[in-house]
Amino acid sequence: QVQLVESGGGLVQAGGSLRLSCAASGRTFSRYTMAWFRQAPGKERAFVAAFSWSGGNIYYIDSVKGRFTISRDNAKNTVYLQMNSLKPGDTAVYYCAASTRYRLPDYSERYNYDYWGQGTQVTVSS
């Protein structure tokens, strides 16, 4: 069983920055594929970024490329999402997700992830 706890959300003005953190339990964190998803009001949960453990590959949705950076610290069992140049359209609840499988068929598909955090609210004002 893997437990995930997100932190770092809040209210920020457009153009500002936030860094989200997700602390994971378990002794084999370095073998987890970690990802961030977000869910805006009235919308489905959507992929944001992922960091695979199989090859250290990183994936982003197009709308956050160049603004968001996913990273991980295996010594601290933590994955981060640095969000810069935030826009009102980034407003959502952000969820951390983990998969223990070596390779995923589709890193952006939420059903490929086995564990989820409780979410942290990010609100970007215009």
On a heavy-atom basis, which atom in Pro88 and which in Ala14 lie closest, and how many Å separate them?
CD-CB, 4.1 Å

For Tyr32, ring-ring contact (aromatic ring centres under 6.0 Å, His included) partners two or more places apart
Phe29

Thr91, Val93, Leu81, Leu20 screened by side chain to side chain contact (heavy atoms under 4.5 Å, CB included) with Val122, the one that passes
Leu20

If I take atom CD from residue Gln118 and atom CG from residue Leu4, how far apart are they, to the nearest 0.5 angstrom?
9.0 Å

Would you check if Asn112 and Tyr107 make a side-chain contact, meaning some heavy-atom pair closer than 4.5 Å?
no

State which residues pass ring-ring contact (aromatic ring centres under 6.0 Å, His included) with Phe37; sequence neighbours excluded, sorted by chain then number.
Phe47, Tyr113, Trp116

Distance-only donor-acceptor hits, side chain of residues 58-66, under 3.5 Å, sequence neighbours excluded:
{"residue": "Tyr60", "atom": "OH", "partner": "Ile70", "partner atom": "N", "Å": "2.9"}
{"residue": "Asp62", "atom": "OD1", "partner": "Lys65", "partner atom": "NZ", "Å": "3.0"}

What verdict does the side-chain contact (heavy atoms from CB on, under 4.5 Å) test give for Asp90 and Arg67, after you've listed the backbone C-alpha separation in whole Å, the side-chain angles of each residue and the deciding distance to 0.1 Å?
CA-CA 11 Å; Asp90 295 317; Arg67 300 190 298 123; 2.8 Å; yes

If you count the non-hydrogen atoms of other residues, nucleotides and ligands that lie under 6.0 Å from CD in Gln82, is the total more than 12?
yes

Nearest 0.5 angstrom please: Glu44 CD to Gln39 CD, how far?
8.0 Å

What is the distance from atom OH of Tyr80 to atom CG of Asp73, rounded to the nearest 0.5 Å?
5.0 Å

Hey, could you give me the CD/CD distance between Gln121 and Glu6, rounded to the nearest 0.5 Å?
12.0 Å

Can you name the nearest heavy-atom pair linking Ser17 to Asn84, along with the distance?
OG-OD1, 2.9 Å

Please report the shortest heavy-atom distance between Thr78 and Ser21, naming the atom on each side.
CG2-CB, 4.3 Å

Where Ser125 and Leu11 come nearest, the two heavy atoms and their spacing:
CB-CD1, 4.4 Å

Interatomic distance, Asn77 atom CG to Gln3 atom CD [nearest 0.5 angstrom]
12.5 Å

Given side chains that start at C-beta, do those of Arg110 and Tyr95 come closer than 4.5 Å, heavy atoms only?
no

Spacing of Tyr115 atom OH and Cys96 atom SG [to the nearest 0.5 Å]
13.5 Å

Under 3.5 Å donor-acceptor, Ser99 side chain and Thr33 backbone
no

Closest non-hydrogen atom pair, Ala40 against Ala92:
N-CB, 3.8 Å

If you take all heavy atoms of Arg101 and Tyr111, which pair is closest and at what distance?
NH2-O, 4.2 Å

